[in-house]
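Shown next, in structure tokens, is the structure this report addresses.
First the proteins, then the strands, lettered A, B, ... as listed; each starts at 1. If you're wondering where the values come from, they're calculated on a predicted model, not measured in any experiment.
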Amino acid sequence: MTDAAPLTLNGTPTRVRFCPAPSGWLHVGSVRAALYNWLHARHHAGTFVFRIEDTDASRATEESMRSMLDAMLWIGLDWDEGPQLEVDGTIGARGDYGPYRQSERSELYTAVARRLEAAGHTYRDHRTAEELEAWREQQRAGGDGGPPVVKAANFEHTDDELARFATEDRPASLRLRTPASGATVVTDLVRGEIRFDWASISDPVIERSNGTATYPLANSIDDVAQGIDLICRGEDLLSVTPRQVLIHELLLADGLLDEALAEVGLPPRDPAWGAPRRFAHLPMVVGMDRKKLSKRHGSVSIQEFRRQGFLPATLRNYLALLGWAPNDGRERLTDAEMIESFELDSVGRSAAAFDVDKLTAFNGERIRDLDPDDLTDKLVPFLDGTYGDEALLDDPATPQQLAMLRGLVPLIQERMQRLDEVVNYAGAFLRDHVELDPASVAKVFTKAGSYESIEAAQAALAEAEWTVDAIEAALRALSEELGIGFGKVAQPIRVAVTGSSVSPPLFESIELMGRELTISRLAAAAPVAREARAEAL
RNA sequence: GCCCCCGUCGUCUAGCGGCCGAGGACGCCGCCCUCUCACGGCGGUAACGUGGGUUCAAAUCCCAUCGGGGGUACCA
């Protein structure tokens, strides 16, 4: 820790949270927000809370919950409080201020809503969706030209209307009264002070007509109840901030939230906690076309990147750099280095484009840094059918297969950028037969000396000592013998043996494959080369 | 329409009044290495949106303008 203040102003360690809706997959933009929260918590020795915002219970299946947890575990952002995958496969929780799924806290939201209502901070809105839409249409187009701002002054029903709706048994949502005038200033760590005029902010619905809490209510309640002191989230939530700080204040006034907590039997707040006093709104993550990052741009969920063979450490490093840079300008950072130098107030303000090419380059570097045995282990799921469609390995892999893979890794490690590329190389080593790539055949076998090289190699390798050096010596001798450059003899042999004009280093590949396989492939390719050459003439 | 945010190479960024004839990284282009492809090494390409101020001095401060984005939901 450098100049990090380990404690917040009131003396308690910082508490931050990541609270996605459980759609099933994690968007890279969300992961970056999670990462920044995590880095902040770890840098300041605070607490990182993971909360699931499944207010809309219909979308929150057990399946999607599991997928979220799995993704968070994989990306490596460990949380101190939140849901937890138990050993028996069920979903439990850890932490003293749970539950950490909003679907399990609905009683609290109701208790708070009743208190806000009793205190006169709310009013009922009996309008139907159609009526609301019609009203907005009229406001937008309207002759009076006013913006569609919902305020108690122009929206609260008269007593007569209320009485009539009551007899009609018409459902109603609950709206929060926001100030009619004046302004509120939000202090944002990345943007500085931002001023909002209440006159242009609508009274939000905090409880739907079916009685469930909406995001502004549930999110605000949980942040205060769980002692979140810094709210770090996407810029898309910036405009919602004023009404949330208003709710925070209301919750703390007269112990309103504390009473509600006690009433429904949820854990009490730590008395030292206040309202979230700091905000950090992160710039959007966009595609290279500057539009909001979506499926049109390719992969957007962290799970997809996993299947494509990106390393979690690469994602953490790359995502950290999407909007932030350490003072010394380094880019390849370990977790410890990021935690050491990360500061939210040095996060940039403009939207960042997600550049897969750079991510891929970073990934290649990290793959090269891996211990070969470690890399071997990481490659297995890309070969046994776990991720890809075709399986080159049995599941589980045989010792012979693993030995072959282990031997292959040093040959391919420095030419991979993604783990899934292993399938491009491994086929020639793990399969009995190799398909000769037609393009390679057309390009290489048609050249002078191709079948001569292959046939000569067959003879030479039949007797060569089986070491890389001896194989190299035997093949280089062919070049002299045939009177052509070594490149001209190596390429046909490469195609014959690996099936492609692009492969790992030839001598090492041959050595790894073994004499039997090598000779049989040379034998099989020789007539193909003869034919290709004949046709070319 | 209204509210809010943003604006340095194609992209991520460094820069916080002179050290900037703007630095790094990815990409791209050359060259070297070389049995292919890579790795690696070396070199190059490329940016302060525009217009006004303030100042001896502006990428850095102010204003305007243009451009981009977010919000404007009984979604989160």
Side-chain angles (χ1 to χ4, degrees), chain A residues 19-21 23 53-56 59 102 125 127-129 132-133 136 139-142 145-150 171-175 186 188 190-191 194-197 199-202 204-210 212-216 218-219 233-242 281 283-284 286 288 290-292 318 321-332 348-362 364-365 368 412-417 424-425 440 444 472 475-476 479 485-491 493-495 498 500-507:
Chain A
C19 47
S23 73
E53 309 233 314
D54 55 348
T55 296
D56 190 351
R59 271 194 285 166
Q102 290 192 329
D125 181 358
R127 269 163 278 252
T128 62
L132 281 171
E133 190 42 48
R136 283 196 192 92
Q139 290 294 307
R140 264 193 270 260
V149 179
V150 172
S173 64
L174 191 67
R175 283 186 189 272
V186 173
D188 191 286
V190 348
R191 277 151 228 284
I194 306 158
R195 183 190 174 85
F196 295 91
D197 287 318
S200 60
I201 297 173
S202 284
V205 168
I206 59 173
E207 212 176 50
R208 302 184 183 97
S209 46
N210 68 7
T212 59
T214 60
Y215 170 80
N219 182 264
R233 80 240 284 199
E235 187 190 357
D236 49 338
L237 291 165
L238 180 58
S239 59
V240 113
T241 307
H281 286 96
M284 298 260 106
V286 298
M288 293 299 274
R290 301 255 120 207
K291 299 279 189 247
K292 197 170 183 174
Y318 176 74
L321 260 22
L322 218 50
W324 171 79
N327 292 326
D328 55 22
R330 280 175 308 164
E331 294 205 319
R332 321 306 139 117
R349 291 165 300 281
S350 49
F354 190 88
D355 184 351
V356 193
D357 285 342
K358 184 159 181 171
L359 205 218
T360 306
F362 268 42
E365 290 181 16
R368 270 166 247 140
I412 62 175
Q413 182 162 17
E414 70 187 19
R415 55 204 91 217
M416 282 198 295
Q417 291 193 297
N424 302 337
Y425 297 109
S440 298
V444 176
E472 172 165 6
L475 294 184
R476 284 197 187 278
S479 170
F486 183 65
K488 295 279 186 205
V489 355
Q491 279 307 83
I493 298 173
R494 182 191 312 283
V495 174
T498 69
S500 168
S501 61
V502 173
S503 84
L506 186 58
F507 317 129

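Between B/rU34 and B/rC28, the two C1' atoms lie 22 Å apart (nearest whole Å). Separation of the P atoms belonging to B/rG18 and B/rA59 is 11 Å when rounded to the nearest angstrom. Nucleotides B/rC32 and B/rG7 place their P atoms 43 Å apart, quoted to the nearest Å. With both ends at atom C1', the span from B/rC63 to B/rC56 equals 22 Å, rounded to whole Å. Nucleotides B/rG24 and B/rG43 place their P atoms 10 Å apart, quoted to the nearest Å. Atom P of B/rU60 sits at a distance of 11 Å from the matching atom of B/rU50, rounded to the whole Å. Separation of the P atoms belonging to B/rG52 and B/rG17 is 24 Å when rounded to the nearest angstrom. Comparing B/rG49 with B/rU8, their P atoms sit 6 Å apart, to the nearest whole Å.
When rounded to the nearest whole Å, the span between CZ of A/R349 and C1' of B/rG70 equals 17 Å. Put simply, CZ on A/R191 is 10 Å from C1' on B/rG69, counting in whole angstrom units. Between the C1' atom of B/rA76 and the CD1 atom of A/I206 lies a distance of 16 Å, rounded to the nearest Å. Distance CE (A/M284) to C1' (B/rG7): 17 Å, rounded to an integer number of Å. A/F354 has its CZ atom 12 Å from the C1' atom of B/rU11, to the nearest Å. In this structure, A/L506 places its CG atom 10 Å from P of B/rU36, rounding to the nearest Å. One atom, CD1 of A/I201, and another, P of B/rC4, lie 9 Å apart when rounded to the nearest Å. Atom CE in A/M416 sits about 15 Å away from atom P in B/rA38, given to the nearest Å.
Here A/F486 contributes atom CZ and A/L506 contributes atom CG; the two are 6.5 Å apart, rounded to the nearest 0.5 Å.
Without hydrogens or angle criteria, A/D125 side chain to A/R127 main chain gives a donor-acceptor distance under 3.5 Å. Judged purely by atom type and a 3.5 angstrom limit, A/R208 uses its side chain to pair as donor or acceptor with the backbone of A/A213. Using a distance-only test at 3.5 Å, with no hydrogens or angles considered, no donor-acceptor pair links the side chain of A/S503 to the main chain of A/S500. Counting only distance, with no hydrogens or angles, the side chain of A/Y318 and the backbone of A/D355 share a donor-acceptor pair below 3.5 Å.
Sequence order on RNA chain B of the closest nucleotides to A/C19 and A/R136 puts A/R136 first from the 5' end. Position along RNA chain B of the nearest nucleotide to A/D197 versus A/E331 favours A/D197 as the more 5'-ward residue.
Among the nucleotides B/rC26, B/rC5, B/rG40, the one closest to any side-chain atom of A/K358 is B/rC26. Closest contact between the side chain of A/V502 and the listed nucleotides B/rA14, B/rC37, B/rC6 involves B/rC37. Residue A/D355 places its side chain closer to B/rU11 than to any other of B/rU11, B/rG70, B/rC35. Distances from the side chain of A/F196 to the nucleotides B/rC3, B/rC35, B/rC74 place B/rC3 closest. Taking only side-chain atoms of A/D236, from C-beta outward, the nucleotide of B/rA25, B/rG70, B/rC74 with the closest atom is B/rG70. Nearest to the side-chain atoms of A/A353 among the listed nucleotides B/rU8, B/rU36, B/rC12 stands B/rC12. Comparing atom distances between the A/A490 side chain and each of B/rC35, B/rC5, B/rC12 picks out B/rC35 as nearest. Checking B/rU8, B/rC35, B/rC74 against the side-chain heavy atoms of A/T214 singles out B/rC74 as nearest. Distances were taken from every side-chain heavy atom of A/S200 (C-beta onward) to each of B/rC26, B/rG40, B/rC3; the shortest belongs to B/rC3. Set against B/rA76, B/rA25, B/rU11, the side chain of A/M288 has B/rU11 as its closest nucleotide.
The base of B/rC74 is paired with the side chain of A/S209 by a donor and an acceptor separated by under 3.5 Å. Side-chain to base pairing of A/E414 with B/rG40: no donor and acceptor N or O lie closer than 3.5 Å to each other. One N or O donor and one acceptor, one from the side chain of A/R494 and one from the base of B/rC35, sit under 3.5 Å apart.
Both distances falling under 3.5 Å, in either a Watson-Crick or a G-U wobble arrangement, place B/rU65 opposite B/rG49. Of the nucleotides present, B/rG1 is the one that pairs with B/rU72 by Watson-Crick or G-U wobble criteria, both distances under 3.5 Å. For B/rC28, the paired nucleotide is B/rG44, the pair qualifying as Watson-Crick or G-U wobble because both relevant distances are below 3.5 Å. Base pairing annotation: B/rG21 forms no Watson-Crick or G-U wobble pair, as no partner gives both donor-acceptor distances under 3.5 Å.
Within 4.0 Å of A/Y318, counting heavy atoms only, lies no atom of the nucleic acid at all. Among the heavy atoms of the strands, none lies under 4.0 Å from A/G234. Within the nucleic acid shown, A/R127 comes within 4.0 Å of at least one base atom, counting heavy atoms only. Using a 4.0 Å heavy-atom criterion, one finds that A/L475 contacts no nucleic acid atom at all. Nucleic acid contact for A/P504: base, since at least one base atom lies under 4.0 Å from a heavy atom of the residue. Contacts of A/R330 with the nucleic acid, taken as non-hydrogen atoms under 4.0 Å apart, are absent. Looking at heavy-atom distances under 4.0 Å, A/P505 makes contact with a base. Here A/V240 lies in heavy-atom contact (under 4.0 Å) with a base.
More than 12 heavy atoms of other shown residues, nucleotides or ligands fall within 6.0 angstrom of atom CG in A/D328.
Annotated as syn: B/rC39, whose glycosidic dihedral is within 90° of 0.
For A/T498 and A/R494, the side-chain atoms include no donor-acceptor pair closer than 3.5 Å.
Taking 4.0 angstrom as the limit, A/R290 places none of its side-chain polar atoms (N or O) nearer than this to OP1 or OP2 of B/rC6. The phosphate of B/rG69 (OP1 or OP2) has a side-chain N or O of A/K291 nearer than 4.0 angstrom.
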Run the side chain to side chain contact (heavy atoms under 4.5 Å, CB included) check on A/V190 and A/H281 step by step: do they pass? CA-CA 7 Å; A/V190 348; A/H281 286 96; 5.8 Å; no
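Nearest heavy-atom pair, A/Q102 versus A/D54, reported as atom, atom and distance to 0.1 Å: N-OD1, 3.0 Å.
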